[in-house]
Engineer: 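Supplied in structure tokens, the structure appears directly below.
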Amino acid sequence: MKRLLKVIPMLLLMIVATGINAQQRVSVSGTVVDAKNLPLIGVAVVEKGTRNGVETNLDGKYSISVSSSNSILVFSYLGFITKEVSLKDASVVVLNEDTQLLSEVVVIGYGQVRKKDATGAITVIKPEQLNRGAVTSPQELLVGKVAGVQITPGDGAPGSGPTIRIRGGASLKASNDPLLVIDGIPLANDAAPGMRNALASINPNDIESFTILKDASSTAIYGSRGSNGVIIINTKKGSKNFKLDYSSTYSVNQNIKTLNALSASEFKAKLEEAYPAGSTVANAIAALMGTYDTDWQKEIYQLGLSTDQNINLSGTVAKVLPYRISLGLNKQNGTLKTSSFDRYTASLTLTPAFLKDHLKVNGNLKFVNNNNQFADGGAVGAAVFFDPTKPMYNYNQDGTINTKLFNGYYNWGTIQNPNTLSGTNPLSLLHDKYDKSTTNRVIGVLELDYVVHNFQDLRAHLNVGFDAALGRGKNGVMWNSFQSIKDADFKSFGRSTTWRNLRRNQVLDFYLNYVKEIDAIKSKIDVMGGYSWQKVFKQDYSKEASNHLYNPVVKKETTFPTESALLSFFGRLNYTLMDRYLLTLTFRNDGSSRFAKENRWGMFPSAALAWQMNKESFLKDSKVVSDLKLKLGYGVTGQQELLLNDYPYIPLYNMSTVNSNYLFGSTFYSLLKPTGYDPNLKWEETTTYNIGLDFGFFSNRITGSVDVYKKETKDLLNEIDIAAGTNFANRIVTNIGSLKNDGIEFNINAIAIENKEMSWEIGFNATWNQTEITKLTASNNPNYLGVEAGDNLSSGTGGTIQRHVVGYKPNTFFVYQQVYDVNGNPIQNLVVDRNKDGQITEADRYLSEYSPTPKYYLGLNSMFKYKKFDLGFNMRANIGNYIFNDFAAANSSAANFTNQGFLTNMVDVVYKTGFIKTNAPQQLKSDYFVEDASFVKMDNLTLGYNFSKVLLDRLSGRLSFSVQNVFTITKYSGMDPEVFNGIDKNIWPRPRIYTLGLTLNF
Amino acid sequence: MLDNMKNTKILITIAVASLSLTSCFKDLDLKPLDENTYTVDRAYSTEISYTQGLAKIYSVMAISGQDGAGSTDITGIDPGNSQFLRSLWNLQVVTTDECKNAWSGDSWVPELNNNTWSTIKNESIDGVYYRAMFIVALTNEYLKQTTDDKLNSRGHSALIPTVTKYRLEARFMRALAYSVLIDTYGNPPFITENDPIGSYMPSQIGRAKLFEYVEKELLDIESKLVAPRANEWGRADQGAAWTLLARLYLNAKVYTGTARYTDCITYCKKVIAGGYSLAPNYAHLFMADNNTSAAKNEIIFPIVFDGNKIPTWGGMTYLVASSRAGAEKSSVNNGTQQAWDGNRSTEKLVDKFTYTDPNADYPVSSDKRAIFYGKGRTKTIENPLSTFTKQGWSVFKFTNVTSTGGKGAHNDFPDTDFPFFRLADVYLMLAEAVVKGGTGATMADAIGYVNQLRGRAYGNATGNISSLDENFILDERSRELYWEGTRRSDLIRFGKYTGGTYLWPFKGGQPQGVAIDARYNLFPIPVSDMISNPNLVQNDGYTN
């Protein structure tokens, strides 16, 4: 294989070298311009029926010698209509933009294709400036815009990242995140240490386009990483004419949701109801009760102010060096006190061309510096439950704050005896803790695209890229804080952790692309073949030490380096017959360092057919149908993001940390432990079938598409229990089981109104997706209640409430069945004895039909323009998604007093349930708390005013005002119906953001 | 032609550049970079690694994982709650007349409190099973990696005498793990160092056959181990092997159907001749310095804990913290800042003693082994859950305070070692074997040993006895060994655990106690293992 690799380019070279022949020739020269009479650079000028061709230079001029004066010249240029011209008309050639398709060149893996030639389920989103508010993460630009793509925004923390699922998850245990490719670099899964989100270090203003590859016929070119879809992000490049753009936004982030915690008096009343006066417990409660009435939730939130400033310069130096320089600054203060995020970005793009445009270079360097101050999100829950009868601060008798006791913040217990089981004052969670990080990241790409001299149909493409990020941070508690007083090792000093994480991702791709139109058989072939090499190195360092100023005691210090590599060969054939029958075949052969030699290589093929029906005679002249394409696709993709270590197939040992030893005599020994492994681990494999129809009506005033798909994953990476005593772990991740996704996607965009003064565009998309587990274990036991899944519940020593079970959706809720009284109120601690054995045990739990995955999700976008004003909004709905309201379950009873020396507040759930007894374990897992969390949200509403030709006619721009998180309609009783994993615990509420924006273009 | 040359050059440059940057297939053979992650041969490349490998096997009884109290070797269960000693203690003590737990949020609690567990996952049942089987797996691997051949090939021939001793201790630990499994699950899967690792479905050989195997192993190693009290603290010696044999023989009728009381007496006598002596003060056996005070002379085999170096949320931390109330921490110092409102005694245990002042905060008995706290509490538990500070006396036997009144080194995790085997237990085993018809010791010997314990408890001879019967032995075991993790086995051996001949509060889930089915003499094999290993047969009475 290695030898073959060297041979391919040599062979191609030989083909090139033999194709030339000198003859008696006719010279012709001319200029190629566009409709505005501007010269077009790089237009291919080819003598028809030969391989003889040149390109136009920077002035749009060309010169070619052809074999006879009767020769025809073919002028082709991407995005323009190809023109055939006889020599007499060749001095000035005007090419017209292919208006219908101008902006519809689609970036696909390792190449690009005209949208009309695309055969897969691909969506392109160009982030237009008009309809958006303060956007920090690039992913937010996609929310609700694309059928088949579900994006759950992160929580309210600044810089938090959304979760993206394309056509449902294909995995249970392995990652379900789509592959992100920025300017040709596939990102490592956790690309940026110290960031809440892999893309938060990319400035959204630098993004030219997103291409979302959804079906396997388009993602199979990414082989083992294509199962969960691919998002290709290309950044902006230089322009022909000098441009200076400035944009700035100022935002106010406002917390709009608090939970209805009880006031001091309500709290007292409720406790009195639960514990009769005079009882031992009531007396204990009375002794703990304070005299204040503190609204803790009011104290932790702030109005967060944010700004985003961007300046971009682009143009072309001396007509040969197109450039773009962008500088960005984003500063945010979160709605939780002490939280902040700031980001400085710089990007330089140079796209020169050499050798008469035969060698095109794209050099791009992005730098980001990101600083986070993380606030403890636990303060949100702490503020709900901290005793409202207590003051915020410890006061001296003279009314001043006693800073000697817990740094002044009221907390349970004394310095000698702090209460280790109670909650912590939310203000000390925010102010007595620090958690900072700084990340520097550099992404560099050098792309060389060479059109082979005298063999214009062949292109060689080399892409070398790297992505290196270094994050550092420190977190810990303040001296004398409540947390430090509780520190069993370093009382009153507390401890802190310093960390430094490095990520290095190197990529090299090389491919050859051959494009040929063969008029004789009305065919066009486009063949690409190449290989790719990628290596990811990670190193995490952390040191946990006491906060002593001198000679801090190191509790733990670890350095953990690890690496993985991927080697791939890939190829693609696009064949077009009569400009209307399209065939795409792709393959990729991937080798991953994460698997043993025998399982290392995986082959991922795909095939797709498309039929451009509108070009057939029966539709050609239709006034209604302007575009109609039927697509069929099939492909196999894989998954290797195991979310395990990088060497899961090798039997390994590890050494315990200083925190786990054993004593022999008087010597403590570290512990040497063999770790669990699976030597037979291999790829997950997903097979996808897709049928799609793209349509356009009335000269494409209405466009859209429908796609029906089926995805089947086998050799599912699944964490299963293994026979006890046979390995060094009780569970290992191994290839067992399968699941399927069925779905329908629909989207439609319409220009409802279009005239000189007014226009109105609406876009709507809808997705139905259903995931079902079809196999989980080697032997099928009908009584097997599946794999425990999801987060632990917050009450007791946890336990989960979700299961993966054959025949059900992943993460189906596994609950007890609540019993209700005649009025429909739940009867506390009474659940149905489903197996009728006379007692309530775990065996009485059942699989509900509910899971957190929505059945349908919908998006609606609108943009209305009137003269210089525009008004736009984005809306989104999820239907059929359920949440286990763990927050309500854990706090559903007014009998929450544990007699451990502290009080815990309640929320209004206790009024709803009426529970005043201690909850039995089964009450905490009752289906009463499984709630329908369907919702409709308006994510964004924007009003803009556009101006142009002011200040010497040079300046244009836009002034806008937008609101994000405008409203939510839902029946869900908790804080927010959008909880990705379906277990609603303690979430930092997503704020409402008001943004004023100004853009100026010179 | 010039163009051709140029073509050639450019393409070759690109091709060569790209190939040289990618060293190709070798890149896929990556080995771990982390210096704490080893391939097998690297793991055993240093001398100390053989001790560290053995230490891991012992440590499974004390801690839950490789990185402090929050880490776990067994996934899917809470690290602290599934810790070996804590889970075993729950099965052996919470399911009996000695204790009821007050935690309402944990689903394992009512199932063990009320003897109503089923094949549905229970963290304590899973904890003992998977951690005992983990000891088996670790031992098998250790035996494979430490053969003389392997040592020679790694250039460690000089270590062979030391490692030979280590291998005997590893086999002792495996025998201990199997004996726990025989007692709790009866018939676990049987795996030895001769079986492969991974992708293998072991079978069961039956409770009696497994008993035979464990007996054979122990008989093979007992004479080769280090002499009693001659090994380092924390490591097994002949005394530990003899005590384990005595315990197996005492329970042999339950495990195999054949009584072995004479063999029990033989091995008890070996232990008694081994140089151990009773601690002068009973309470010191359960204190933070029990590895250095005179109490250590009574302890035959400890599970070692250390607040700083051997921390866990299970083990001794659980025993100390769960038996104290959070609200009372300041008044009742246990040597840690942890107090969890969990375990307290039933009146059945409390009533094994008589009191001169039952209403004192610390009820007073002339038998100094009664270490209870009753302030504000009723003796009777009407509802076990969430009534810790109201119903049932607390047991303050285990503490992180030293015999001289000091505190353990750490504020969360005790230094107190757990006396897994101690001399007093051997005395009582001998006495029981004599009463049940074993030969090799006389009734007078038996009474003498029991009176040694009672003499210590009373501080004089007023508590001494002159005759012995089975019921007295069972009660005396409770008085001497309560909360030390043998109660369930004891009740089963006397036929009082299941059925209705002996009732205690919440046996079968009823406040007064009711008869329970005989299937509860064994715990079910966890359903997760039944699913993953189709070769296994579930215990009688449990359905999957």
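Order of the sequence lines fixes the chain letters, A, B, ..., with proteins taken first and strands second; residue numbering starts at 1 for each chain.
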Engineer: Checking side-chain polar atoms at under 3.5 Å, does A:S656 have a donor or acceptor matched by the opposite partner on B:D67?
Structural biologist: no

Engineer: Using a 4.5 angstrom heavy-atom cutoff, name the option from A:R845, A:K597, A:K555, A:K673 with the most pairs to chain B.
Structural biologist: A:K673

Engineer: Side chain to side chain donor-acceptor pair (under 3.5 Å) with B:Q66: which of A:T657, A:T675, A:N654?
Structural biologist: A:N654

Engineer: Are side-chain heavy atoms of A:T420 and B:Q338 found at a separation under 4.5 Å?
Structural biologist: yes

Engineer: By salt bridge (Lys or Arg N to Asp or Glu O under 4.0 Å), which residues pair with B:D195, not counting sequence neighbours?
Structural biologist: none

Engineer: Show, in sequence, the C-alpha distance, side-chain angles and deciding distance for B:T51 and A:Y662, and conclude whether the side chain to side chain contact (heavy atoms under 4.5 Å, CB included) test is met.
Structural biologist: CA-CA 10 Å; B:T51 317; A:Y662 203 66; over 6 Å; no

Engineer: Looking at every heavy atom in both B:D106 and A:P921, which two are closest together, and how far apart are they?
Structural biologist: O-CG, 4.0 Å

Engineer: May I ask you to test the B:K31-A:Y647 pair for a side-chain heavy-atom distance under 4.5 Å?
Structural biologist: no

Engineer: Among A:R594, A:K556, A:Q922, which residue has the highest count of heavy-atom pairs closer than 4.5 Å to chain B?
Structural biologist: A:K556

Engineer: Which atoms of A:P679 come close to chain B, meaning under 4.5 Å heavy atom to heavy atom: side chain ones, backbone ones, both, or neither?
Structural biologist: neither

Engineer: Please flag which part of A:F664 lies under 4.5 Å from any non-hydrogen atom of chain B: side chain, backbone, both or neither.
Structural biologist: both

Engineer: Does the distance from a Lys or Arg side-chain N to an Asp or Glu carboxylate O, for A:K486 and B:D412, drop under 4.0 Å?
Structural biologist: no

Engineer: Going by the rule salt bridge (Lys or Arg N to Asp or Glu O under 4.0 Å), which residues pair with A:D721 if we only count those two or more places apart in sequence or in a different chain?
Structural biologist: A:R731

Engineer: Under a 4.5 Å cutoff for heavy-atom pairs, which residue among A:I732, A:I722, A:L288 has the most contacts with chain B?
Structural biologist: A:I722

Engineer: Check whether any side-chain heavy atom of B:Y38 lies under 4.5 Å from a side-chain heavy atom of A:L652, and answer yes or no.
Structural biologist: no

Engineer: Chain A heavy atoms under 4.5 Å from B:I191: which part of the residue, side chain, backbone, both or neither?
Structural biologist: side chain

Engineer: Could you give the distance from CG (A:L663) to OH (B:Y58), rounded to the nearest 0.5 Å?
Structural biologist: 12.0 Å

Engineer: Return the minimal non-hydrogen interatomic distance between B:N411 and A:D487, and the atom names on each side.
Structural biologist: ND2-O, 4.5 Å

Engineer: What I'd like to find out is whether the side chain of B:T39 reaches to under 4.5 Å of the side chain of A:P651, using heavy atoms alone.
Structural biologist: no

Engineer: Ignoring hydrogens and geometry, is there a side-chain-to-backbone donor-acceptor pair from A:T726 to B:I197 under 3.5 Å?
Structural biologist: no

Engineer: Check each atom of A:A724 against the heavy atoms of chain B and say whether the ones under 4.5 Å are side chain, backbone, both or neither.
Structural biologist: both

Engineer: State, with a plain yes or no, whether a side-chain heavy atom of A:N730 is found less than 4.5 Å away from one of B:D529.
Structural biologist: no

Engineer: Heavy-atom pairs under 4.5 Å with chain B: which of A:S666, A:A723, A:G901 has the most?
Structural biologist: A:A723

Engineer: Are the side chains of B:L28 and A:W601 in contact, using a 4.5 Å heavy-atom criterion?
Structural biologist: yes

Engineer: Are A:Y669 and B:L54 side-chain neighbours, meaning at least one heavy-atom pair lies under 4.5 Å?
Structural biologist: no

Engineer: Assess, by modelled atom type and distance only, whether the side chains of B:Q52 and A:Y653 contain a donor and an acceptor separated by less than 3.5 Å.
Structural biologist: no

Engineer: Mind listing the closest non-hydrogen atom pair of B:S386 and A:T918 along with its distance?
Structural biologist: OG-CG2, 3.0 Å

Engineer: Side chains of A:N417 and B:Q337: is there a donor and an acceptor less than 3.5 Å apart?
Structural biologist: no

Engineer: Find out whether B:L33 and A:F537 are in side-chain contact, i.e. whether some heavy atom of one side chain is under 4.5 Å from a heavy atom of the other.
Structural biologist: yes

